[in-house]
There are 2 protein chains.
Amino acid sequence: MARTMTDSIRETLRALPHFQALDTELFERVVACAELRSFERSETIFLHGDRARAFFVVRCGSVRVYRATPDGREQVVHHLRAGQSFAEPAVLSIGRYPVNAVALESPTELVAVDARFLELLKGEPRLSIAIVSSLSMRLLGLVERIEELSIASAPARLAHYLMKLPAQGTHEHLVVQLPLAKKDLAAHLAIAPETLSRLLRRWQDRGLIRSKGRTLDLLDTRILLAIADRDE
Amino acid sequence: MARTMTDSIRETLRALPHFQALDTELFERVVACAELRSFERSETIFLHGDRARAFFVVRCGSVRVYRATPDGREQVVHHLRAGQSFAEPAVLSIGRYPVNAVALESPTELVAVDARFLELLKGEPRLSIAIVSSLSMRLLGLVERIEELSIASAPARLAHYLMKLPAQGTHEHLVVQLPLAKKDLAAHLAIAPETLSRLLRRWQDRGLIRSKGRTLDLLDTRILLAIADRDE
DNA sequence: GCGGCCGCTTGACCGTGGTCAAGGGCGGAT
DNA sequence: ATCCGCCCTTGACCACGGTCAAGCGGCCGC
């Protein structure tokens with residue numbers, strides 16, 4: 001019954017795509033590289049330029065990975081939830097974090113896998129194949145994100161985001177929950193909070209959605225999809 | 001004296017970071033997966049959705065990798081020159097190209113490394129370590145690109161681009177050559193060609209640069225740097 | 001040398017979306 | 001229950017940069 005910290009680590013790591021196919025012995029050696037860390041809302045996990053001693057897997061809570069410019073603006077690169085990993089590239093190549101990461105909820109628990117993992121990698125082709133594949137997927141995801149951020153208009157980005165959210169209900173009347181505060185969602189979509197607010201208002205007036213706090217009813221998915229990949 | 005096609009392939013692949021540390025025997029097995037292909041200006045190399053049979057290394061010429069949206073707009077993801085590789089992730093994970101690629105010059109010669117490479121990877125930890133590292137670098141590059149495209153203003157993007165170009169001359173009077181036609185540069189920076197034109201004009205009027213065709217004199221690098229990471 | 005094409009430049013216009021400022025509403029703390 | 005603070009909303013304004021349209025210039029083919 002006693003649930004050790006190592007059990008938590010084991011459970012979190014095993015759920016990762018990288019590690020699902022590993023045999024027990026190798027997997028335990030990975031677990032031995034890891035420790036559990038806990039963060040509070042708004043607590044910094046690492047900063048741009050810090051020495052990259054570990055990569056992370058989200059056990060619970062959520063994390064924002066972002067870049068900041070000298071003039072104080074920032075751009076969200078990733079938003080991570082339970083079961084997702086981040087910062088592998090920093091550990092596996094240059095050894096410094098190229099971005100900032102901050103916890104968004106209290107508590108946010110992360111499994112930190114440190115540099116001993118690199119040694120494992122060198123001796124284990126199966127492990128490196130898994131990592132290659134997972135990094136490749138991540139790359140493809142970033143290419144998507146480039147498209148989202150630079151081709152699409154603000155309404156298209158929002159509609160696209162809403163339609164990708166896990167939904168409940170029938171095809172013509174979906175109900176979704178926003179996983180972020182609206183101001184954080186705005187940051188993720190690279191728009192001002194005011195713009196987000198105005199868009200939701202407009203669509204509600206047109207009968208496309210209904211909005212109550214973080215719960216949205218998508219009433220006309222047909223038109224929303226059209227907005228998502230054409231343009232408003 | 002006779003220079004075989006295989007020699008060309010060997011030379012091109014050997015210059016890649018992935019392959020520099022390989023011993024001769026393993027390297028030759030990589031070479032055996034590769035063939036040389038030639039393209040003309042504007043010729044398509046692959047399209048979004050095509051089965052990914054190979055990844056590529058640029059031997060000469062240049063390549064634009066881009067995404068297109070239903071409404072006809074497009075976003076440049078990469079611009080590649082001699083010695084650079086692309087499309088590894090497609091081959092190494094999902095098996096389909098997620099983007100389009102087109103040759104920008106005549107001739108553009110590419111070394112295509114086909115799927116037999118995957119088999120090599122499975123048996124060779126050193127090879128996969130090299131790939132992991134190189135994919136990681138690529139990921140970091142894409143994060144930079146996200147910042148470039150979505151945080152910075154048009155003047156900042158342009159100034160940043162100019163200051164990163166290989167330059168000749170003294171610190172306070174650099175001379176750079178644009179490696180792209182201005183309309184292609186505009187596409188890379190995600191701005192309209194007209195905007196590029198106007199920016200260069202304005203900076204020339206202010207004495208920051210001098211522009212003659214594709215040759216630019218950077219007369220005040222101090223201010224250009226300021227524009228690059230603050231904002232206009 | 002001449003014509004035509006394509007890339008570059010310039011001008012005029014306008015829409016998208018960011019900024020500034022102020023008001024309302026929900027929730028947590030006491 | 002009440003207060004305070006933070007988020008969200010709404011309004012007014014404006015500038016950045018895209019689009020449309022026209023004119024210019026250089027390069028290549030004939």
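Throughout, protein chains are lettered first and strands after them, A, B, ... in sequence-line order, and every chain is numbered starting at 1. Every value quoted in this text rests on a predicted model; they were computed, and no experiment measured them.
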Worksheet item: Once you round it to whole Å, what is the distance between C1' of dT16(C) and CG of L158(A)?
Response: 15 Å
Worksheet item: Has T195(A) got a side-chain N or O lying under 4.0 Å from the OP1 or OP2 atom of dG17(C)?
Response: no
Worksheet item: Want to settle it: does R214(A) or R198(A) sit nearer the 5' end of DNA chain D, counting the closest nucleotide to each?
Response: R214(A)
Worksheet item: Is a donor on one side and an acceptor on the other found under 3.5 Å between the side chain of R96(B) and the backbone of G49(B)?
Response: yes
Fill in: Atom pair distance, as rounded to whole Å: CZ in R201(B) and C1' in dG17(D)
19 Å
Item to complete: Rounded to the nearest angstrom, tell me the gap between atom CZ in R157(A) and atom P in dG17(C).
Response: 7 Å
Practice prompt. Return the nearest nucleotide to the side chain of P155(A); candidates are dT19(D), dT9(C), dG17(C).
Written response: dG17(C)
Practice prompt. Could you tell me how the ring of Y97(B) sits relative to the ring of F46(B): parallel (under 30°), tilted (30 to 60°) or perpendicular (over 60°)?
Written response: parallel
Fill in: Residues, nucleotides or ligands: over 12 heavy atoms within 6.0 Å of E43(A) CD
yes
Discussion item. Does R202(B) contact dT10(C) through a side-chain donor or acceptor facing the base, at a distance under 3.5 Å?
Written reply: no
Worksheet item: Hey, does A186(A) reach any base, or is it just sugar-phosphate, or nothing, if we go heavy atoms under 4.0 Å?
Response: nothing
Worksheet item: What integer distance in Å separates D184(A):CG from dC7(D):P?
Response: 8 Å
Item to complete: Check whether more than 12 heavy atoms from other residues, nucleotides or ligands sit under 6.0 Å from atom CZ of R53(B), and answer yes or no.
Response: no
Worksheet item: Any side-chain N or O of K183(A) less than 4.0 Å from the OP1 or OP2 oxygen of dT9(D)?
Response: no
Worksheet item: Which residue, E194(A) or E194(B), contacts DNA chain D at a nucleotide closer to its 5' end, judged by nearest heavy atom?
Response: E194(A)
Worksheet item: Can you check the L196(A) CG to dT9(D) P distance for me, whole Å?
Response: 7 Å
Discussion item. In whole Å, I'd like the distance from the NZ atom of K212(B) to the C1' atom of dG26(D).
Written reply: 16 Å
Fill in: Side-chain (R145(A)) to main-chain (V77(A)) donor-acceptor, under 3.5 angstrom
yes
Worksheet item: With a non-hydrogen cut-off below 4.0 angstrom, is I191(B) in contact with a base, only sugar-phosphate, or nothing?
Response: sugar-phosphate
Fill in: Interatomic distance, L200(B) CG vs dC8(C) C1' [rounded to whole Å]
11 Å
Worksheet item: To the nearest Å, how far apart are L189(A) CG and dG17(C) P?
Response: 12 Å
